[in-house]
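Letters A, B, ... mirror the listed sequences (proteins, then strands); counts begin at 1.
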There are 2 protein chains.
Amino acid sequence: MALATVAHARRIPCEACPLRENEHFRDFTPEELKFVSSFKRGELVSEPASAILSEGAHSAQLFTLLSGWAFRFKTLEDGRRQILNYLLPGDLVGLQGSVIGEMEHSVESLSPVVLCVFQRDTLPTLFENHPGLAFDITWLASREERMLDENLLSVGRRSAMERAAYLIAFLHQRAEQVGQAKASKHLIPITQQHVADTLGLSIVHTNKTLRKLAERQLIRWHDRACEVLDPGALADIAGWGGLTDRKRPLI
Amino acid sequence: MALATVAHARRIPCEACPLRENEHFRDFTPEELKFVSSFKRGELVSEPASAILSEGAHSAQLFTLLSGWAFRFKTLEDGRRQILNYLLPGDLVGLQGSVIGEMEHSVESLSPVVLCVFQRDTLPTLFENHPGLAFDITWLASREERMLDENLLSVGRRSAMERAAYLIAFLHQRAEQVGQAKASKHLIPITQQHVADTLGLSIVHTNKTLRKLAERQLIRWHDRACEVLDPGALADIAGWGGLTDRKRPLI
DNA sequence: CGTCGGTTTGATCTAGTTCAACCGCCGTGG
DNA sequence: CCACGGCGGTTGAACTAGATCAAACCGACG
């Protein structure tokens with residue numbers, strides 16, 4: 001697993017951020033945009049499968065994912081790994097570290113990613129001068145909490161088949177919201193090992209479960225990627241209502 | 001399951017809140033205290049096993065738990081229940097609802113509880129005028145996220161024995177931090193059904209697992225309560241490092 | 001052309017589930 | 001006063017979802 005490549009100099013100004021064109025994100029006032037832009041320190045570009053943040057890191061920075069896929073995870077001493085959640089464009093990375101001071105999980109990329117780098121110690125300034133943005137950060141934290149709640153329900157109480165169906169429907173919906181689904185023809189860039197570590201299952205059983213979903217024509221498995229054929233049926237299997245499609249902030 | 005009893009008129013002013021004496025909470029400035037006090041609308045007292053907030057509620061209020069134990073949970077349509085986390089004195093209740101607008105989980109009490117009721121729509125005022133308190137709310141949200149991360153690791157990757165040991169060590173440590181452990185002689189007011197629904201196990205297997213812990217003299221099971229005898233050994237079994245003992249805010 | 005990571009498959013095993021009782025306690029209604 | 005029912009906890013037996021073990025396949029890549 002390669003280390004993340006170093007930060008490049010600032011490229012795109014936030015005012016011209018292509019993500020903002022997506023109607024899924026709420027509009028910012030020019031003033032807010034100006035502040036966010038001043039808050040930004042640079043960009044970080046990184047290869048697939050590279051570490052972005054590591055558990056225990058004290059010097060954690062705060063990022064927003066601009067493009068690509070990543071995931072958060074924790075491991076036990078003997079190596080058992082649990083994936084906690086996935087990160088898609090617009091998601092905040094490293095908030096826990098910035099707010100509380102130390103990271104208790106790691107973050108790794110699944111695809112080539114570009115991150116927007118913020119100076120962690122300017123967070124107090126943001127809270128001082130931009131209550132609206134501060135509220136947005138809390139909003140994003142609450143949203144993460146929600147996703148974790150649903151994940152926990154899944155891992156704790158759904159069967160292997162339900163879990164797998166839920167995960168894929170969930171990721172597909174998130175990708176769709178930020179316009180990644182079209183861009184990549186409904187392809188989710190994960191291996192079956194990632195699925196296993198998300199669902200709390202063994203790879204073997206994960207493989208057999210995914211195979212059944214494929215036989216039912218709900219997904220098609222590619223090399224290191226999952227193509228979603230029938231998101232509705234997947235959500236049905238899981239008994240999952242779907243994400244609420246509210247506009248969200250983009251810091 | 002009884003409904004929560006109605007809110008009483010305001011009793012204790014925040015300045016005299018007994019919780020603040022606990023050194024585990026950070027000191028507030030007189031000005032902050034004054035605002036929090038004005039933010040408070042009243043108190044809610046409620047019986048054990050009563051609903052405090054319900055999934056889907058749109059009119060969710062924001063609370064701080066003053067005394068007692070409660071828990072957050074979600075259920076699937078067929079009744080399978082997953083407990084997401086527990087709530088102890090000083091914990092914020094209903095933040096998701098207040099920030100995003102709708103609750104996606106329910107909250108129920110485990111013991112008699114007293115909650116401090118806030119007016120949800122004054123939250124923007126708090127963010128406007130008290131950036132420090134706003135930051136504190138984000139801090140608390142991040143802390144919840146952390147606890148969920150560890151829970152997810154537990155349910156996804158730990159064995160039944162490890163999970164049970166982790167849960168009890170975790171709850172015991174939290175109780176101790178807020179001074180509940182001494183007060184109740186290390187008694188956690190839960191049934192084995194609660195444990196099962198937290199760990200994602202059946203009651204039968206939960207019973208057998210707890211029994212083993214009891215045989216090893218690590219816990220003693222009482223009627224609707226778990227007495228913790230050896231928190232250190234429990235944490236060891238789980239391979240869990242314990243909570244970081246940082247001072248935290250109390251809104 | 002060999003190796004390696006990701007995927008697939010079958011066989012065997014086991015941790016945890018489900019089913020079925022039973023006990024003790026407590027609150028309720030006759 | 002007692003009978004009854006329900007809840008929380010306990011226990012054994014039978015069962016199964018999912019784990020583990022083992023081997024092979026396949027495409028990419030040096």
Side-chain angles (χ1 to χ4, degrees), chain A residues 1-2 47-50 76 78-83 108-111 154-165 167-168 187-215 219-227 237-238, chain B residues 1-2 47-50 76 78-83 108 110-111 154-165 167-168 187-215 219-227 237:
Chain A
M1 182 175 58
E47 297 290 294
S50 43
L76 292 171
D78 62 5
R80 281 175 283 176
R81 177 174 78 168
Q82 178 65 39
I83 294 185
E108 193 178 313
S109 58
L110 285 166
S111 70
S154 210
V155 176
R157 289 304 185 198
R158 285 197 249 246
S159 71
M161 183 65 78
E162 292 169 334
R163 281 183 228 188
L167 176 64
I168 295 166
L187 241 51
I188 302 171
I190 47 177
T191 67
Q192 299 192 352
Q193 183 67 66
H194 291 120
V195 176
D197 287 347
T198 309
L199 305 183
L201 299 170
S202 69
I203 329 177
V204 174
H205 195 62
T206 299
N207 177 281
K208 287 168 183 168
T209 306
L210 290 172
R211 198 113 270 285
K212 280 182 199 155
L213 291 177
E215 275 158 20
I219 64 170
R220 186 165 14 240
W221 201 267
H222 295 244
D223 185 45
R224 283 150 236 252
C226 174
E227 183 183 354
I237 289 176
Chain B
M1 182 175 59
E47 297 289 295
S50 44
L76 292 171
D78 63 5
R80 281 174 284 175
R81 177 175 77 167
Q82 178 64 39
I83 295 184
E108 194 179 311
L110 285 166
S111 69
S154 208
V155 176
R157 288 304 186 198
R158 284 197 248 245
S159 71
M161 183 66 78
E162 292 169 334
R163 281 183 228 187
L167 176 64
I168 296 167
L187 241 50
I188 302 171
I190 48 176
T191 66
Q192 299 192 351
Q193 183 67 66
H194 291 120
V195 176
D197 287 347
T198 309
L199 305 183
L201 299 170
S202 69
I203 327 179
V204 174
H205 195 61
T206 299
N207 176 284
K208 287 169 183 167
T209 306
L210 291 173
R211 198 115 268 287
K212 279 182 199 155
L213 291 177
E215 275 158 20
I219 64 169
R220 188 168 8 243
W221 201 267
H222 296 244
D223 185 45
R224 284 149 236 252
C226 174
E227 182 183 357
I237 289 176

Is [X] close enough to [N] that one of its side-chain N or O atoms is under 4.0 Å from OP1 or OP2 there?
X: B/Gln193; N: D/dG9; value: no
X: A/Arg211; N: C/dT7; value: no
X: B/Asn207; N: D/dG9; value: no

Report task. Under 4.0 Å between any heavy atoms, over every strand shown, what does A/Ser202 touch: base, sugar-phosphate, or nothing? Just pick one. Result -> base
Spacing of [X] atom [atom1] relative to [N] atom [atom2], expressed in whole Å:
X: A/Asp197; N: D/dG18; atom1: CG; atom2: C1'; answer: 15 Å
X: A/Lys208; N: C/dG6; atom1: NZ; atom2: C1'; answer: 16 Å
X: B/Arg80; N: D/dA17; atom1: CZ; atom2: C1'; answer: 13 Å
X: A/His205; N: C/dG10; atom1: NE2; atom2: P; answer: 15 Å
X: B/Arg158; N: C/dG16; atom1: CZ; atom2: P; answer: 14 Å
X: B/Ile203; N: C/dA21; atom1: CD1; atom2: P; answer: 17 Å
X: B/Leu213; N: D/dG9; atom1: CG; atom2: P; answer: 15 Å
X: B/Leu210; N: D/dG8; atom1: CG; atom2: P; answer: 15 Å

**Report entry** 5'-most by nearest nucleotide on DNA chain D - A/Thr206 or A/Arg224
**Finding:** A/Thr206
Report summary line: Result for 5'-nearest mapping on DNA chain D, choosing between A/Asp223 and B/His222, is B/His222
**Report entry** Note, A/Arg211 side chain near A/Gln192 side chain (heavy atom, < 4.5 Å)
**Finding:** no
Requested in this report: For the residue pair A/Ile190 and A/Val195, establish whether any side-chain heavy-atom pair is separated by less than 4.5 Å.
Outcome: yes
**Report entry** Presence of salt bridge, A/Arg157 and B/Asp197, under 4.0 angstrom
**Finding:** yes
Requested in this report: Would you mind telling me which of D/dA13, C/dG16, C/dG10 lies closest to the side-chain atoms of A/Val204?
Outcome: C/dG10
Query raised in the report: Counting side-chain heavy atoms from C-beta on, which of D/dG9, C/dT8, C/dT17 comes nearest to B/Thr191?
Result: D/dG9
Query - A/Ser202-A/His205 side chain donor-acceptor pair, cut-off 3.5 Å - result: no
Query - Donor-acceptor contact present, side-chain A/Glu227 to main-chain A/His222, <3.5 Å - result: no
